Amino acid sequence: VEYAPQLVALSRTELLAKISAQLSAGRFAHVQRVEQTAIELAQKYGVDVQRAGLAGLVHDYAKQRSDSEFKQIIRQQQFDPDLLTANNGIWHGVVGAYLIERELGIHDQQILNAVRRHTVGAVEMTDLDQLIFVADFIEPGRDFPGVDQARAAAAESLIAGVRFEVSHTLKFLLAKQVKIYPKTIDTYNAWVAQKK
Ligand code: GDP
Ligand code: FE
Ligand code: FE
Ligand code: FE
């Protein structure tokens with residue numbers, strides 16, 4: 001896919017070169033699969049195909065930056081200082097959106113928000129946010145117990161896909177006894193918990 005110049009001025013060849021320069025071969029292959037999955041979901045659900053594909057392609061652009069670079073940007077750009085206590089899991093989306101805008105020249109706020117929200121979700125998610133969140137989880141290279149159910153949920157609706165992913169991820173994180181980010185809990189409460 002060539003992306004419209006209003007979304008990104010770089011040609012596809014230039015864009016792929018810039019992205020691959022930042023990522024391992026395996027991670028670069030992942031983002032290309034997420035792009036394709038996002039395009040397919042966008043066609044199925046009537047979401048903007050260009051924004052979906054481009055957001056999928058760039059969503060992990062900053063994944064392999066160092067912790068020190070993220071911290072430096074958070075200080076320099078006066079991001080919320082609470083972010084300093086986070087880690088790559090949070091930074092590669094939230095701070096990654098800043099790097100995508102600055103280094104790839106993508107200024108579209110719908111795309112940047114979908115990148116910001118792709119790891120922990122959010123209480124309010126647009127269709128594009130939901131689509132990228134889900135595409136990242138079900139792209140054909142993913143292989144984990146439950147991935148078939150995740151794909152089935154995503155085939156039912158974006159909302160079903162998000163709900164399955166949020167509860168599956170939370171169970172997985174609890175089983176590993178790792179720290180649960182507060183936003184992950186907020187997303188769970190908004191999307192999965194019974195409203196009663
Ligand atoms: P990736 O960048 O394509 O690997 O996928 P994501 O950006 O969606 O997620 C990155 C990692 O963050 C995954 O391994 C998730 O399981 C993990 N993750 C998501 N939410 C949380 C959380 O609340 N706490 C912790 N510790 N990890 C999380
Ligand atoms: Fe990611
Ligand atoms: Fe994800
Ligand atoms: Fe990803």
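The model shown is predicted, which means the values in this text are computed figures rather than measured ones. In each ligand, atom 1 is the first atom listed, and ligand 1 is the first ligand listed.
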Testing the basics here: between Phe133 and Thr119, what is the closest heavy-atom pair and its distance to 0.1 Å?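 Looks like CE1-O, 3.7 Å.
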So, 4.0 Å and heavy atoms of [X]: is ligand 1 close enough to count as a contact?
| X | result |
| --- | --- |
| His30 | yes |
| His92 | yes |
| Arg142 | yes |

Output the list of atoms in ligand 1 that are nearer than 4.0 Å to some heavy atom of [X], sorted by atom number.
| X | answer |
| --- | --- |
| Asp136 | 3 (O), 5 (O), 6 (P), 7 (O), 8 (O) |
| Leu173 | 20 (N), 21 (C), 22 (C), 23 (O), 24 (N), 25 (C), 27 (N), 28 (C) |
| His118 | 7 (O), 8 (O) |
| Lys179 | 22 (C), 24 (N), 25 (C), 26 (N) |
| Thr184 | 20 (N), 21 (C), 22 (C), 23 (O) |

Linking I/L/V/M/F/W/Y whenever any side-chain heavy atoms sit under 4.5 Å apart, do Val134 and Tyr188 land together?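 Linked, Val134 and Tyr188 end up in one cluster.
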Within 6.0 Å of NZ in Lys44, more than 12 heavy atoms from elsewhere: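 More than 12 within 6.0 Å, yes.
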Check: Glu40/Gln36 side-chain N/O donor and acceptor closer than 3.5 Å: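 Result is yes, a qualifying pair exists.
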Measuring to the Fe ion (ligand 4), does His59 have an N/O/S atom at a distance below 2.8 Å?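 Within the cut-off used here (under 2.8 Å), His59 does place an N, O or S atom near the Fe ion (ligand 4).
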Check all N, O or S atoms of His30 and name the one closest to the Fe ion (ligand 4).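 When I compare the N, O and S atoms of His30, NE2 is nearest to the Fe ion (ligand 4).
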Please name the atom of Asp136, limited to N, O or S, that comes nearest to the Fe ion (ligand 4).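 The closest N, O or S atom of Asp136 to the Fe ion (ligand 4) is OD1.
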Quick check on the 6.0 Å ring-centre criterion: do His168 and Phe144 meet it?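 Yes, close enough.
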Show, in sequence, the C-alpha distance, side-chain angles and deciding distance for Arg51 and Glu35, and conclude whether the salt bridge (Lys or Arg N to Asp or Glu O under 4.0 Å) test is met. CA-CA 10 Å; Arg51 285 191 171 91; Glu35 176 188 37; over 6 Å; no
Looking only at N, O or S atoms in Asp60, which is nearest to the Fe ion (ligand 2)?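 The atom in question is OD1.
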